[in-house]
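Keep in mind the model is a prediction, meaning the values are calculated, not measured. Computation of the quantities below employed the complete heavy-atom set of this structure, encompassing side-chain atoms and omitting hydrogens, waters and symmetry-equivalent molecules.
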Amino acid sequence: QVHLVESGGGTVQAGGSLRLSCAASGHTFYKHAMAWFRLAPGRERDLIAAITWKDGATYYRDSVKGRFTISGDMAENTMYLQMNSLKPEDTAVYYCASPAGFCGGYGCYAPAIYKYWGQGIQVTVSS
């Protein structure tokens, strides 16, 4: 089992910034890769960013490239999502996630491998 807890959400005006944090514990699957997802009303849950810790390689959904940065401090079992230049369309519930197995290369960016989830945290961007 992997236990994940998000923090740092809230409400900001368009153009503002937020940093989300995710504290991980339990099985060490989360030390191989982790990801951020978001779920907006009326839309499907989308993978926003992912990172493989061994090499630091990252993946970003096209809509957030250049604005969001995924990072982490595995010594403290914590992952971050720095969100800049926020837009109203970024409004959603954001989740951190861990795989339930091992992955490598592009396989670590496949949404289906992520099985453990945090409780979700609301991010609201006003116009």
Side-chain angles (χ1 to χ4, degrees):
Q1 295 288 324
V2 177
H3 182 61
L4 305 166
V5 179
E6 301 98 337
S7 62
T11 301
V12 297
Q13 295 183 12
S17 298
L18 282 174
R19 189 174 80 156
L20 305 182
S21 299
C22 175
S25 60
H27 198 282
T28 54
F29 285 140
Y30 67 86
K31 294 190 175 183
H32 295 278
M34 291 182 72
W36 289 97
F37 288 73
R38 69 185 181 189
L39 178 64
R43 304 189 67 177
E44 296 184 351
R45 185 178 63 191
D46 293 323
L47 188 151
I48 302 302
I51 185 167
T52 50
W53 301 116
K54 180 179 179 180
D55 56 8
T58 58
Y59 164 85
Y60 296 95
R61 188 178 182 87
D62 286 344
S63 61
V64 307
K65 286 181 179 178
R67 300 189 297 121
F68 291 11
T69 302
I70 186 171
S71 63
D73 183 349
M74 284 295 95
E76 297 185 356
N77 301 312
T78 303
M79 179 179 66
Y80 304 101
L81 184 68
Q82 179 66 45
M83 303 183 292
N84 298 326
S85 301
L86 284 162
K87 305 174 181 179
E89 51 263 45
D90 294 319
T91 295
V93 177
Y94 284 70
Y95 299 86
C96 63
S98 168
F102 300 98
C103 63
Y106 293 115
C108 296
Y109 310 142
I113 74 168
Y114 290 93
K115 303 295 184 181
Y116 296 104
W117 305 91
Q119 81 284 1
I121 189 164
Q122 179 70 44
V123 171
T124 301
V125 184
S126 63
S127 60

Can you tell me how far apart [atom1] ([X]) and [atom2] ([Y]) are? Round to the nearest 0.5 Å.
| X | Y | atom1 | atom2 | result |
| --- | --- | --- | --- | --- |
| Glu6 | Leu81 | CD | CG | 11.0 Å |
| His32 | Cys108 | NE2 | SG | 9.5 Å |
| Gln119 | His3 | CD | NE2 | 8.0 Å |
| Met79 | Met74 | CE | CE | 7.5 Å |

Pair Ile51-Tyr80, side chain to side chain contact (heavy atoms under 4.5 Å, CB included): steps then yes or no: CA-CA 11 Å; Ile51 185 167; Tyr80 304 101; over 6 Å; no
Mind listing the side-chain donor-acceptor pairs of residues 9-30 below 3.5 Å, one per line with the distance, residues two or more places apart or on another chain?
| from | atom 1 | to | atom 2 | distance (Å) |
| --- | --- | --- | --- | --- |
| Ser17 | OG | Asn84 | OD1 | 2.9 |
| His27 | ND1 | Phe29 | N | 3.1 |
| Tyr30 | OH | Asn77 | OD1 | 3.1 |

Chi angles and distances behind the side chain to side chain contact (heavy atoms under 4.5 Å, CB included) call for Leu4, Met34: CA-CA 11 Å; Leu4 305 166; Met34 291 182 72; 3.8 Å; yes
Joint cluster assignment, Leu47 & Met83, ILVMFWY side-chain distance < 4.5 Å: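 Cluster IDs for Leu47 and Met83 differ.
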Linked, directly or transitively: Trp36 and Trp53 (ILVMFWY side chains, under 4.5 Å): yes
Side chain to side chain donor-acceptor pair (under 3.5 Å) partners for Glu89, two or more places apart: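 Scan of Glu89 (side chain to side chain donor-acceptor pair (under 3.5 Å), adjacent residues dropped) gives none.
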Residues that Thr124 engages under side chain to side chain donor-acceptor pair (under 3.5 Å), provided they are two or more places apart: Gln122
Any pair counted as side-chain hydrogen bond (donor to acceptor under 3.5 Å, both in side chains), so long as it reaches residues 93-116, sequence neighbours left out: Arg38-Tyr94
More than 12 heavy atoms from other groups under 6.0 Å of CD on Gln1: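 Not buried by this count: 12 neighbours or fewer within 6.0 Å.
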What pairs of donor and acceptor atoms, side-chain ones from residues 57-66 against any protein atom, are under 3.5 angstrom apart with sequence neighbours left out?
| from | atom 1 | to | atom 2 | distance (Å) |
| --- | --- | --- | --- | --- |
| Tyr60 | OH | Ile70 | N | 2.9 |
| Asp62 | OD1 | Lys65 | NZ | 3.0 |

Under 3.5 Å donor-acceptor, Thr91 side chain and Val125 backbone: yes
Partner residues of Trp117 under the ring-ring contact (aromatic ring centres under 6.0 Å, His included) criterion, sequence neighbours left out: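 Partners of Trp117 under the ring-ring contact (aromatic ring centres under 6.0 Å, His included) test: Phe37.
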